[in-house]
Amino acid sequence: RMGEVSAVPPTVSWESGSPALLIGSCEAFSGKSALVLGLARQLLQRGLPVRFGKPLAAPDAAGVAGSTDDLIDDDVRFVGRTLGLPDAQLIPAVHRHSPDTSRQRLLAGELHAAEGLAALRQSLAAAPEGITLLEGPGSLSEGLLYGLSLVQVARGLQAPVVLVHPWSDCDSIDPLLLAREQLGELLAGVVLNGVEPERVASLREELVPALERLGLPVLGVMPRSPLLRSVTVEELARRLDAQVLCCRDRLDLLVETLSIGAMNVNSAMEFFRRRRNMAVVTGADRTDIQLAALEASTQCLILTGAGEPLPQLISRAEELEVPLLKVEHDTLTTVEVIERTFGHVRLQESVKATYAFRLVEEHCNFEALFSRLRLPVPA
């Protein structure tokens, strides 16, 4: 039974039978790429060569599956650039995961797991020597159609797995228990992510020992980070299909919070002062709110509804270098789109990578993992 699983899994050596360490999650956007960055840097600091890849690439990955071009996921390229890995250390994906490809495989009845694993083994064999980190799909089930789900790859390669999992309360354990049942002794550790900062200490003290008694070795407890959940103004403009009225060269600004300018201007100014790195959504006719927002920590101003902004608003926005967006949606729809975007974008900005390094270093301890994998101790 689950409660009888030993908290200390058997040692797994990093040999031909276990050529990779898998970084997975029970749900999408749990923080896998941030953990990969932090873990990979610690391995590099030990003087160990690292290679990295995703067996199942995202729909917008570069290259074409089955062609002479390497199918390299954009996240993989970003991690490679950030860590200074040569291209040879980036492992091409076996398949691209997209609705069209999935439809083709489904209609063809292609459910041959061995095919995907064989191609992955071939790709790993062709890569240079090094410690291989593989980032799994968004959930335990994603990739089953390709034979490349996290559990299929872990079992096929007999590779250990580290899971990154968002933690809100004790109900968050259920997906981890399911993963433990499916992965068994291959589950090498868990990193709890997105924890409210004020709860990190109590979680470590009270709940981590209980999790480990259930066979879930906890390698880290990372606090919730508005920065890592943030989104660029450019991404918001794309998802909103917005017209950019000024400051196109500032679309790389990061938005961490959302504010709605629907109150009177005095209340708005007081509210805006308490927020930081905002996207402010307000009606196109609320010039008073718009001007107040520009004087606060606003990364972009999003105008909804009919009407055009006054020239003096555009002039002031240009002066303060705050991008001004105009959307056709109503305020409610605009807010819903933005809220769905927070925490659901890829980690592909250097400032986020720098923060991820620090977050992992401060809140994770991989010594038990390194010992289990029999990695050499740094001199």
Side-chain angles (χ1 to χ4, degrees), residues 29 33-34 60 74 78 194 224-356:
F29 300 103
S33 294
D60 57 351
D74 288 346
F78 175 76
R224 188 176 185 271
S225 166
L227 176 60
L228 292 184
R229 288 174 51 84
S230 66
V231 58
T232 63
V233 176
E234 182 176 22
E235 181 67 15
L236 289 181
R238 184 185 71 80
R239 297 200 182 203
L240 291 167
D241 194 23
Q243 178 185 2
V244 180
L245 301 180
C246 69
C247 304
R248 286 188 172 274
D249 59 337
R250 299 284 285 167
L251 297 183
D252 59 345
L253 291 173
L254 289 171
V255 174
E256 296 182 11
T257 58
L258 171 64
S259 296
I260 305 170
M263 66 284 282
N264 65 63
V265 67
N266 291 331
S267 298
M269 291 179 67
E270 180 63 28
F271 179 74
F272 291 158
R273 289 193 191 102
R274 299 196 301 266
R275 310 282 281 186
R276 62 188 301 273
N277 297 335
M278 302 179 291
V280 176
V281 178
T282 190
D285 59 342
R286 294 298 306 272
T287 305
D288 54 346
I289 297 289
Q290 297 158 14
L291 291 171
L294 291 178
E295 304 302 324
S297 178
T298 300
Q299 303 291 70
C300 72
L301 186 57
I302 303 172
L303 309 183
T304 65
E308 296 299 323
L310 296 177
Q312 55 263 42
L313 175 71
I314 297 178
S315 176
R316 184 59 174 159
E318 289 177 337
E319 182 180 342
L320 296 173
E321 298 185 313
V322 177
L324 193 60
L325 310 182
K326 181 72 170 62
V327 299
E328 297 299 324
H329 311 294
D330 57 49
T331 297
L332 179 60
T333 302
T334 300
V335 168
E336 289 175 345
V337 171
I338 295 173
E339 287 182 336
R340 286 198 302 268
T341 305
F342 283 125
H344 288 76
V345 292
R346 292 179 166 193
L347 191 159
Q348 292 188 357
E349 292 85 24
S350 58
V351 64
K352 289 187 180 182
T354 300
Y355 187 78

Q: To the nearest 0.5 Å, what is the distance between OH on Tyr355 and OG on Ser350?
A: 15.5 Å
Q: State, yes or no, whether a side-chain contact exists between Val255 and Thr232 at a heavy-atom distance under 4.5 Å.
A: no
Q: Please report the shortest heavy-atom distance between Ile260 and Val335, naming the atom on each side.
A: CD1-CG2, 3.7 Å
Q: Any idea which heavy atoms bring Arg239 and His344 closest together, and the distance?
A: NH2-O, 3.3 Å
Q: Using 4.0 Å as the upper bound for N to carboxylate O, is an ion pair formed by Lys326 and Glu308?
A: no
Q: Side chains of Val280 and Leu294: closer than 4.5 Å at any heavy-atom pair?
A: no
Q: Can you check whether His329's main-chain N or O pairs, donor with acceptor, with Thr333's side chain at less than 3.5 Å?
A: no
Q: At what distance, to the nearest 0.5 angstrom, does CG of Leu254 lie from CD of Glu235?
A: 11.5 Å
Q: Partners of Ser259 by side chain to side chain donor-acceptor pair (under 3.5 Å), sequence neighbours excluded?
A: Arg275
Q: Side chain to side chain donor-acceptor pair (under 3.5 Å) between Thr331 and Thr304: does it pass, once the steps are laid out?
A: CA-CA 6 Å; Thr331 297; Thr304 65; 2.8 Å; yes
Q: Less than 4.5 Å apart, side chain to side chain, heavy atoms only: is that true for Gln299 and Pro323?
A: no
Q: Between Arg238 and Glu234, is there a salt bridge with N-O shorter than 4.0 Å?
A: no
Q: Which value, rounded to the nearest 0.5 Å, describes the distance between Gln243 atom CD and Leu324 atom CG?
A: 9.5 Å
Q: Under the side-chain contact (heavy atoms from CB on, under 4.5 Å) rule, what do Ile338 and Val281 come out as? Steps first, then yes or no, please.
A: CA-CA 10 Å; Ile338 295 173; Val281 178; 3.7 Å; yes
Q: In plain terms, say whether Arg250 and Asp252 are close enough for a salt bridge, that is, a side-chain N and a carboxylate O under 4.0 Å apart.
A: no
Q: With the side chain counted from C-beta on, respond yes when Thr282 and Gln290 share a heavy-atom pair under 4.5 Å apart, and no when they do not.
A: yes
Q: Determine the minimum heavy-atom distance between Leu228 and Ser225, stating which atoms define it.
A: N-OG, 3.1 Å
Q: Taking the side chain as everything from C-beta on, heavy atoms only, tell me whether Lys352 gets closer than 4.5 Å to Val345.
A: yes
Q: Within this structure, what is the CD-OG1 distance for the pair Gln312 and Thr287, rounded to the nearest 0.5 Å?
A: 7.0 Å
Q: Salt-bridge test for Arg276 and Glu256: reply yes if a basic N is under 4.0 Å from a carboxylate O, no otherwise.
A: yes
Q: With the side chain counted from C-beta on, respond yes when Arg340 and Glu336 share a heavy-atom pair under 4.5 Å apart, and no when they do not.
A: yes
Q: Please report the closest heavy-atom contact between Cys300 and Thr298, naming both atoms and the distance.
A: O-CG2, 3.2 Å
Q: Would you say Leu313 and Leu301 make side-chain contact, with heavy atoms under 4.5 Å?
A: yes
Q: CD1 of Ile289 to CG of Leu303: how many Å apart, nearest 0.5 Å?
A: 12.0 Å
Q: Just by modelled atom types, is the Pro311 backbone N or O under 3.5 Å from a matching donor or acceptor in the Ser315 side chain?
A: no
Q: Indicate the atoms forming the closest heavy-atom contact of Phe78 with Ala353, along with that distance.
A: CZ-CB, 3.9 Å
Q: Over all heavy atoms of both residues, which pair between Ala317 and Cys246 is shortest? Give the atoms and the distance, please.
A: CB-SG, 3.8 Å
Q: Taking the side chain as every heavy atom from C-beta outward, state whether Ile302 and Val327 have any pair of such atoms under 4.5 Å apart.
A: yes
Q: Does the pair Arg346 and Asp74 meet the rule for a side-chain contact (heavy atoms from CB on, under 4.5 Å), with working shown?
A: CA-CA 9 Å; Arg346 292 179 166 193; Asp74 288 346; 3.3 Å; yes
